[in-house]
**Q** 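Once you've had a glance at the structure underneath, I'll fire off some questions.
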Amino acid sequence: MRKRLLGIASAITIALAGTFAAAAPAQAATPPFMITKVYYDSPGKDTRSNASLNAEYVQLTNKRKTVQNLKGYYVRDKAGHVYSFTGDFKVAAGNSIVIHTGKGTNKGTHRYWGSAAYVWNNDGDTAYLRNPSGSLVDSCSWGKGGRGYTSC
């Protein structure tokens, strides 16, 4: 009887160990950066002024527990507009950065696409985030009739 109980206890231990081991890869699969918000329709009338263009933006958030580097990552839309991080750009754990559509001076967590036209379509579009090797890291889509922004 004692050997049988030990055998059952061993089987349960092995089964539980396998369950915990299977959980680890899912946690490791969390991408370093995710698209967390896209403000695709800047408030007010679309005048193409730089202020209006900069009210349109995409926000990326570091989802890891350590500093991550965006060097080589890029954001694009369905039409092929691309914003690239060509140099080192480190983001602290849990912090977000904002990429504004218009022109401006890159400072801190605010980056500027430098576009003279809107990037994100108000009636539906998709923002894609790709890593330096070109693999899709995250995407965020919206359709017609939204609030002007979407949280992803």
Side-chain angles (χ1 to χ4, degrees), residues 13-152:
T13 302
I14 291 168
L16 287 175
T19 301
F20 293 130
Q27 293 170 357
T30 300
F33 295 99
M34 293 180 73
I35 300 167
T36 50
K37 187 173 189 177
V38 180
Y39 213 120
Y40 55 84
D41 187 5
S42 56
K45 193 171 186 171
D46 288 345
T47 62
R48 287 193 183 215
S49 70
N50 198 51
S52 179
L53 288 166
N54 282 332
E56 180 185 86
Y57 63 84
V58 60
Q59 177 179 289
L60 307 178
T61 302
N62 176 355
K63 293 297 191 172
R64 297 274 174 91
K65 294 181 180 181
T66 59
V67 171
Q68 297 293 312
N69 195 343
L70 275 165
K71 182 178 183 178
Y73 279 77
Y74 58 98
V75 174
R76 65 172 294 167
D77 70 342
K78 282 184 177 181
H81 301 101
V82 177
Y83 178 87
S84 299
F85 291 91
T86 55
D88 283 335
F89 187 73
K90 296 178 181 175
V91 182
N95 284 6
S96 297
I97 64 121
V98 175
I99 306 166
H100 301 275
T101 296
K103 297 174 183 169
T105 302
N106 292 335
K107 289 183 184 175
T109 58
H110 293 270
R111 306 282 114 178
Y112 295 86
W113 206 300
S115 178
Y118 297 100
V119 171
W120 309 110
N121 296 326
N122 296 352
D123 60 352
D125 207 341
T126 301
Y128 302 97
L129 175 63
R130 295 190 178 270
N131 66 18
S133 66
S135 297
L136 182 65
V137 174
D138 195 21
S139 65
C140 179
S141 298
W142 58 93
K144 295 180 183 179
R147 302 171 292 200
Y149 65 89
T150 187
S151 296
C152 309

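Here, residue 1 is the first one in the sequence, and each next residue gets the next number.
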**Q** Check Trp113, Tyr83, Tyr112 against His100 for a ring pair (Phe, Tyr, Trp, His ring centres under 6.0 Å) and give me the one that passes.
**A**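 Result: among Trp113, Tyr83, Tyr112, Tyr112 is the only option passing the ring pair (Phe, Tyr, Trp, His ring centres under 6.0 Å) with His100.
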**Q** Would you check if Tyr118 and Leu53 make a side-chain contact, meaning some heavy-atom pair closer than 4.5 Å?
**A** yes
**Q** Any side-chain heavy atom of Asn122 sitting closer than 4.5 Å to one from Asp46?
**A**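 Heavy-atom side-chain distance check passes, below 4.5 Å.
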**Q** If we ignore hydrogens and angles and just use 3.5 Å, is the side chain of Asp77 paired with the main-chain N or O of Ala127 as donor and acceptor?
**A**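 No; zero donor-acceptor contacts below 3.5 Å.
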**Q** Which atoms form the tightest heavy-atom contact between Gly143 and Tyr40, and what is the distance?
**A**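 Minimum heavy-atom separation between Gly143 and Tyr40: O-OH, 4.5 Å.
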**Q** List the steps and the verdict of side-chain contact (heavy atoms from CB on, under 4.5 Å) for His110 and Val98.
**A** CA-CA 5 Å; His110 293 270; Val98 175; 4.0 Å; yes
**Q** Report yes if the distance between the aromatic ring centroids of Tyr39 and Tyr57 is under 6.0 Å, otherwise no.
**A** yes
**Q** Okay, side chain of Asn62, backbone of Arg64: is any donor-acceptor separation there less than 3.5 Å?
**A**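 Yes, because the side chain of Asn62 sits within donor-acceptor range (under 3.5 Å) of the backbone of Arg64.
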**Q** Quick one: are Asn95 and Thr109 in side-chain contact, heavy atoms under 4.5 Å?
**A** no
**Q** Show the nearest heavy-atom pair for residues Arg48 and Ala117, with the distance to one decimal.
**A** NH1-CB, 3.7 Å
**Q** Do any N or O atoms from the side chain of Asp138 and from the backbone of Ile35 form a donor-acceptor pair under 3.5 angstrom?
**A** yes
**Q** Write out all pairs satisfying side chain to side chain donor-acceptor pair (under 3.5 Å) with one or both partners inside residues 141-152, taking only residues at least two apart or from two chains.
**A**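 Listed once each, the pairs are Thr126-Ser141.
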**Q** Could you walk me through whether Thr36 and Lys63 pass the side-chain contact (heavy atoms from CB on, under 4.5 Å) test, one step at a time?
**A** CA-CA 10 Å; Thr36 50; Lys63 293 297 191 172; 4.1 Å; yes
**Q** With side chains defined as the heavy atoms from C-beta onward, is the minimum distance between Asp88 and Lys71 less than 4.5 Å?
**A**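 With C-beta onward as the side chain, the pair touches.
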**Q** Is there a side-chain contact between Phe85 and Pro132 (heavy atoms, below 4.5 Å)?
**A**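 Counting from C-beta outward, Phe85 and Pro132 never come under 4.5 Å.
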**Q** Looking at CZ of Arg130 and OG of Ser135, how far apart are the two atoms once the value is rounded to the nearest 0.5 Å?
**A** 8.0 Å
**Q** Is any side-chain heavy atom of Phe33 less than 4.5 Å from a side-chain heavy atom of Leu129?
**A**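 Yes, their side chains come closer than 4.5 Å.
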**Q** So, Ser96 side chain and Gln59 main chain: donor-acceptor pair closer than 3.5 Å or not?
**A**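 Not at all, since once roles are kept as given, no pair shorter than 3.5 Å links the two residues.
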**Q** Verify side-chain contact (heavy atoms from CB on, under 4.5 Å) between Leu70 and Ile97, making sure each step is shown before the conclusion.
**A** CA-CA 10 Å; Leu70 275 165; Ile97 64 121; 4.1 Å; yes
**Q** Going from SG on Cys140 to CE on Met34, what distance comes out if it is rounded to the nearest 0.5 angstrom?
**A**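 Spacing of SG (Cys140) from CE (Met34) equals 9.5 Å.
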**Q** Could you check if a side-chain atom of Arg76 sits within less than 4.5 angstrom of a side-chain atom of Val82, using non-hydrogen atoms only?
**A**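 Arg76 reaches Val82 side chain to side chain.
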**Q** Can you tell me how far apart OG (Ser84) and OH (Tyr73) are? Round to the nearest 0.5 Å.
**A** 13.5 Å
**Q** Using a 3.5 Å distance criterion without hydrogens, assess whether the side chain of Asn50 forms a donor-acceptor pair with backbone atoms of Gly102.
**A**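 Not a single qualifying donor-acceptor pair exists.
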